[in-house]
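Single-structure report; data block below.
In the text below, chain A, chain B and the rest are named by the order of the sequence lines, each starting its count at 1.
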Amino acid sequence: MSIIIISADDRAAEGQIGGRTAEILGYGRLGPELLQEIAAKYGVEEGKLAEALEREPSLLRGMPPKKWYYYLSCIEAEVLERLAADKMVCWSLAAHLYVLGISHALRVRIISDIEQRAAALAEENGISLQRAQKILAKQQRQRVQWCQTAYGQDETDPALYDLVINLGQIDPDEAAATIAKAVGYRKFEPMTYSRKCLANLLLAAKVKTRLLETMSDIHVQSRDGRVVVTTKALKRDKQKKTLAIKELAGSVEGVDFVEVHINNDIFSEAAQSLR
Amino acid sequence: MSERLDILLLDDEPIVGKRLKPALEKIGCRVEVFENPVEAMARLEKKKFDIVVTDIRMDEMDGLQVLERVLDKWPETKVIMITGYAMMALARESMEKGAFDFIAKPFRPDDLRRVIAKAAKALGSPIDFTPAGRA
Amino acid sequence: MTEFNQSAGDQDQDEDARIRKVYDHMEIVEKSRQALLARRRFSVRHQIYIAYALVFLFAVGVATALITNIYQIKNRLQFLEFVNDFASEIQQARRYEKNFFLYGTNLDDALENIHLAKTIFIYNADQFAAILGQKQQQAFLARISAYEQLLDMLKEIQRRDPARLEDNEFLSQIEEDLRKHGKAMIDSAQRLIKKEKANLSRTLDRSRDIHIISLVVLLIFLAVHVYLLVARIYSTLKRFSGYAQRIAAGDITPIAPKRRFRDEFTELAIAINEMIKEMDAREAALIQTHKMRAVGTLTAGVAHELNNPLNNIMLTIHMLIEDYHELSDQERLDMMNDVANETGRAKNIIANLLDFARESAATIETLDLRKLLEDTIALARNQVSLSGIMIELQVTDNLPPIHGDRQKLQQVFLNLILNAVDASEKGGKVQVIALPAEKPNHVAIKVIDYGSGIPKHILSSIFDPFFTTKPKGKGTGLGLSVSQGIIAKHGGEIKVSSEEGSGSTFTVILPVTTFPKDVPLI
């Protein structure tokens, strides 16, 4: 009845455990394969979506921040849409960073022994152990940075999760069984309130995606069809932008009312006045 | 349609009872309203209700205590929690303690009716309820 | 839209007030700077220079006196020698004169001696005159001359008319004259020697006295100067350590001039005032930051609290829409009244919070403690009821009103109450008691919890900035430190007593001020 969100440093482990858990429970699978569907729906490259999920924006690689936020928002909206159907296992789509405050989402963190991973990596690619360790350490640093930039969170903080499983001690199959059992606790059963919370997140993500298509610096909150959009604008563009946002956001299905909060964009303001 | 559902509604806000009583009676329920959890518990000792709707934050006794005591006495009773202080931890605690559902204030009468209908269905005595849709 | 404009206007006013407050304080600091500089400069360096110059001048004076004295001694010794020579010449002359009368020896030797004595006398006439006086000296000279003339006459008679020497009467007449003059001369010489010896001894005594007195004077002068210098430096240092304590305790009124002159410490005072200016700005920012954190904490509670009236409104409106046609006019009116009342309730909940959150200029007003504490408890109510804790307020009747900044004092009490709530266990009780303090003209506000208490070893550091026992991210550790600052500015203090295992009591003691102007501008 619930949803399960799995996060790990090791993408392979995520997929393995996620797939296995879905199998045991008979739940739907939401893994990186979804990106293809999303790419088709929004008319973007699948590779770009995958890159946005792993790397920070960089103009050199043709990934300006504006695009990056848009890609992430597309993924977020689509994932939330599917999670609303319940009985889902989701991994590798950063769901643990944006599915927040949903009582029927079981959040799992898989940790693995970094030494073992380094050894595996070294063997797989025929490189030295030290080099493998360096590669992993760099990846980890990048990942922390990515989380911070994208969602302002530290995904390695165990307090974010309901369950933390150490693959150094528990096998992937055992892990899947543990997760399947834990999700059966009554705590993780959906209820009107938590479904509503998820619906609120979904609507906000949809509106955000619609707006980020053409704008930037958009934050959206929603509650029961009421949407609050916060953004920045120059003083003189305020009214124009408000109208545009109301128009765009209002066109999203399920939106009853749009409220726009505009903060003065002091930096651009300063830059303009210096011109 | 089977016999009427007995509902006990407990909220220390008088207006909640005042408005929800007719709202629930309209869908064929018998409703008793209480503002004081102690009085409500006394009533629950005597009579079995099909559904108990309770606020969580009240002065004399909190809704989670009510939930536990109701289920202790009447395990089949469906308890629906309503609260202005909705938070994930509270929601999970309620579910764990056996709540049937959990609704955050503010809600529309139809939101509660929909949950009541769901509970009625779970109790094996479904009631006829079609939400009026957004007015 | 009008309401929005109005609130924007309020904000502008607040902004103005804030800027005005900053300028006011800058003005105060600038004024004290001018007051500090307006005095005549008399630096410690000046004082030391002057003292050294005085000591040097004194030494020069003493040396001059001593040198003069030594010259005098030398002169006196020389003169004494002359007088001695003079006296012995006269005595010699008299001996020859006696021999002449007894044995008839010649008078040449006596004459020679008396001549020499006369030469010595004339040669040192000035000095003789200085000692004996002009008249005495003339008389003395006259005696010598007379004596010499008598001897000359005798010699003349001996040479030309020795027979007359047989005339006893004539001879004894001359002898008597000679003896009279000789004796007088010798007496005078003796007196002169005696007098001159006394003079010499006086000059020597003076030399000794100059040494002793100059040493004593120097000692006294140095002692007085050292005392003055030390007193000046010490008292100033003491004053400044007082300022430091005062500032540490949170009273940051600028230093005002205390003496009639300015010196090196004035520059220090100006520097401290500058620091105070800086601290003041920072403290204001700190208080505001802390307040906004409290507001953040409260907002969560308030948002939840708001859900109750909102729910009432929502249910009522939906039922009104649903049953509009079936309801009687009276019922409809009743429902609309409910909506109106609940809207008012929601407004009050928000207004209370906004009132507290608004950044306003420091305003000192007369405050009724009961009302202040009731409002504060109302602010915290949601937070408190979430934790399932009872707050009990007891205010002694007829407590005198206090004067202070309502918002800031509310911030202090809110902080103490929230802390007490955090420390209490679920279902516990927090007591807030206002009563006259033991100290006359002061009131005490006690916030008592029955939690686990504060361990002894950290009791002394709970007022330190950034000290917190709350988990990371939960507390800034600034609450008590900021509170202490605010209370200190109101001329009061916060005390804590805690028993491990049975709870803590925080006591705020505030002065009852009869005149608002007694409270320093914050």
Note to self: For Lys73(B), is the NZ atom crowded, meaning more than 12 foreign heavy atoms sit under 6.0 Å from it?
What the structure shows: yes
Notebook entry, point to check: Could you give the distance from CG (Asp12(B)) to CG (Asn308(C)), rounded to the nearest 0.5 Å?
Noted result: 7.0 Å
Checklist line | Asp11(B), part contacting chain C, at a heavy-atom distance under 4.5 Å | finding: neither
Next item on the list: Identify which part of Met390(C) has an atom lying under 4.5 Å from any heavy atom of chain B, answering side chain, backbone, both or neither.
Entry: neither
Check: Looking at residues at least two apart in the chain, or sitting in another chain, which of them share a salt bridge (charged side-chain N to carboxylate O under 4.0 Å, His left out) with Asp72(B)?
Finding: none
Item checked: Which of Met87(B), Lys105(B), Lys26(B) touches chain C most, by non-hydrogen pairs under 4.5 Å -> Lys105(B)
Note to self: Testing the basics here: between Asn307(C) and Gly84(B), what is the closest heavy-atom pair and its distance to 0.1 Å?
What the structure shows: ND2-O, 2.7 Å
Next item on the list: Using a cut-off of 6.0 Å, state whether more than 12 heavy atoms not belonging to Glu68(B) lie near its atom CD.
Entry: yes
Check: So, for Tyr85(B) and Glu305(C), which heavy atoms are closest and what is the spacing to 0.1 Å?
Finding: OH-OE1, 2.9 Å
Notebook entry, point to check: Taking atom CD of Glu500(C) as the centre, does the number of heavy atoms from other residues, nucleotides or ligands within less than 6.0 Å exceed 12?
Noted result: yes
Next item on the list: Let me know if Ala86(B) has heavy atoms under 4.5 Å from chain C in its side chain, its backbone, both or neither.
Entry: backbone
Checklist line | Distance in Å, Asp111(B) CG paired with His318(C) NE2, rounded so as to fall on 0.5 Å steps | finding: 8.0 Å
Check: Looking at Arg19(B), Lys18(B), Glu13(B), which one forms a side chain to side chain contact (heavy atoms under 4.5 Å, CB included) with Asn312(C)?
Finding: Glu13(B)
Next item on the list: With the side chain counted from C-beta on, respond yes when Leu315(C) and Leu20(B) share a heavy-atom pair under 4.5 Å apart, and no when they do not.
Entry: yes
Item checked: Inter-chain contacts: residues 337-345 of chain C against chain B, heavy atoms under 4.5 Å -> Asp338(C), Glu342(C), Arg345(C)
Checklist line | Top of Ile313(C), Asp323(C), Asn311(C) for chain B proximity - count of heavy-atom pairs under 4.5 angstrom | finding: Asn311(C)
